[in-house]
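Encoded as C-alpha cells, the structure appears first; notes follow it.
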Amino acid sequence: MGITDGNKNVMDRQVFAIDQVIFREGKYGNSAYVVQEGKVEIFKTLGNDEEVILGTVEAGGLLGELALVDRQPRMASARAVERTVLVAITRKTFEAKMSGSDRFVKAVLRILLGNYRTVVRRAAIAEAKLKEHGISVD
C-alpha cells in the first residue's frame, strides 16, 4: 500500500504485527522508516544470542536511517512491539534529497554516524557484561 502523487508512488506504507521483525542486524538496508502508528523496539544480539534493547521508536520517530547514510550493514535489529504502520523512505528518495547537500556536510554526517555505531556497539557489550554481574543499567 503506497501514497501516490499522480501515477508515481512516493511513499510506501508497511504494516507489521506484534513481534514481527522489520529488519535484522548485519543485513544491508535500502530503506529507512518513519513510524506512523505503533511502536518499534531496536535491539542488538550479542555473541551468546542475548538481546540488548537499545531503545524504542514511537509514532513520528525514524529508524533505519544509518544504513542509508553510510551504506554499512544494519547495526541493530528492529521489531514491532505492537501493530505498527511504517512509511518507508527508499535509498533512491534519500539520495535524491541528499544530492543537493554540501559535500562537507555529507562527510561530517558519515563520520558522526561511524562514531555513533562504535559507541552503540560498545554500550551494548558493556550492558550485557553488567547484566552478567546482576547490575541493571535502568
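When reading the values below, keep in mind they use all heavy atoms of this one structure, side chains included, and skip hydrogens, waters and symmetry mates.
The main-chain N or O of Glu82 is found under 3.5 Å from a side-chain atom of Thr84 such that the two form a donor-acceptor pair. Here the side chain of Arg83 pairs no donor or acceptor atom with the backbone of Lys39 at under 3.5 angstrom.
With contacts defined as side-chain heavy-atom distances shorter than 4.5 Å, the pair Asp12/Val87 does not qualify. Taking the side chain as every heavy atom from C-beta outward, Leu63 and Val35 approach each other to under 4.5 Å. Considering only heavy atoms from C-beta on, Val81 stays 4.5 Å or farther from Ile18 through its side chain. With contacts defined as side-chain heavy-atom distances shorter than 4.5 Å, the pair Arg110/Val69 qualifies. For the pair Met98 and Leu109, the minimum side-chain heavy-atom distance is below 4.5 Å. Side-chain contact between Leu54 and Val120 is present, with heavy atoms from C-beta onward closer than 4.5 Å.
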**Asked** Going through the checks in order, is the side-chain contact (heavy atoms from CB on, under 4.5 Å) test met by Val57 and Leu62?
**Response** CA-CA 7 Å; Val57 183; Leu62 179 68; 5.9 Å; no
**Request:** Go through the steps to decide whether Val85 and Arg13 satisfy the test side-chain contact (heavy atoms from CB on, under 4.5 Å), and finish with yes or no.
**Result:** CA-CA 7 Å; Val85 179; Arg13 266 199 196 115; 3.9 Å; yes
**Asked** When you look at Glu50 and Thr45, which way does the side-chain contact (heavy atoms from CB on, under 4.5 Å) test go after all the steps?
**Response** CA-CA 6 Å; Glu50 180 181 359; Thr45 305; over 6 Å; no
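The two residues Lys129 and His133 make their nearest non-hydrogen contact at O-CD2, 3.1 Å. Counting all heavy atoms, side chain and backbone alike, Gly26 lies closest to Pro73 at O-CB, 3.4 Å.
Here the NZ-OG distance, from Lys27 to Ser77, works out to 10.0 Å after rounding to the nearest 0.5 Å. Residue Leu113 holds its CG atom at 14.0 Å from CZ of Arg71, rounded to the nearest 0.5 Å. Interatomic distance, Ile42 CD1 to Ile53 CD1, rounded to the nearest 0.5 Å: 9.5 Å. If you take CG on Asp70 and CG on Leu112, they are separated by 11.5 Å, rounding to the nearest 0.5 Å. With rounding to the nearest 0.5 angstrom, the CD1 atom of Ile111 is 14.0 Å from the NZ atom of Lys106. From Lys92, atom NZ reaches atom CG of Asn30 across 13.0 Å, with rounding to the nearest 0.5 Å.
Stacking of Arg79 on the aromatic ring of Phe43 is recorded, both the 6.0 Å distance cut-off and the 45° axial limit being met.
Between Glu25 and Arg121, none of the side-chain N atoms (NZ, or NE/NH1/NH2) sits under 4.0 Å from a carboxylate O, so this pair counts as no salt bridge. Note on Glu127 versus Lys44: no salt bridge recorded, every NZ/NE/NH1/NH2 to OD/OE distance being 4.0 Å or above.
Aromatic ring orientation, Tyr33 versus Phe16: perpendicular (interplanar angle above 60°, classes split at 30° and 60°).
Leu66 pairs in a side-chain contact (heavy atoms from CB on, under 4.5 Å) with only one of the listed residues (Arg117, Arg74, Gln72), which is Arg117.
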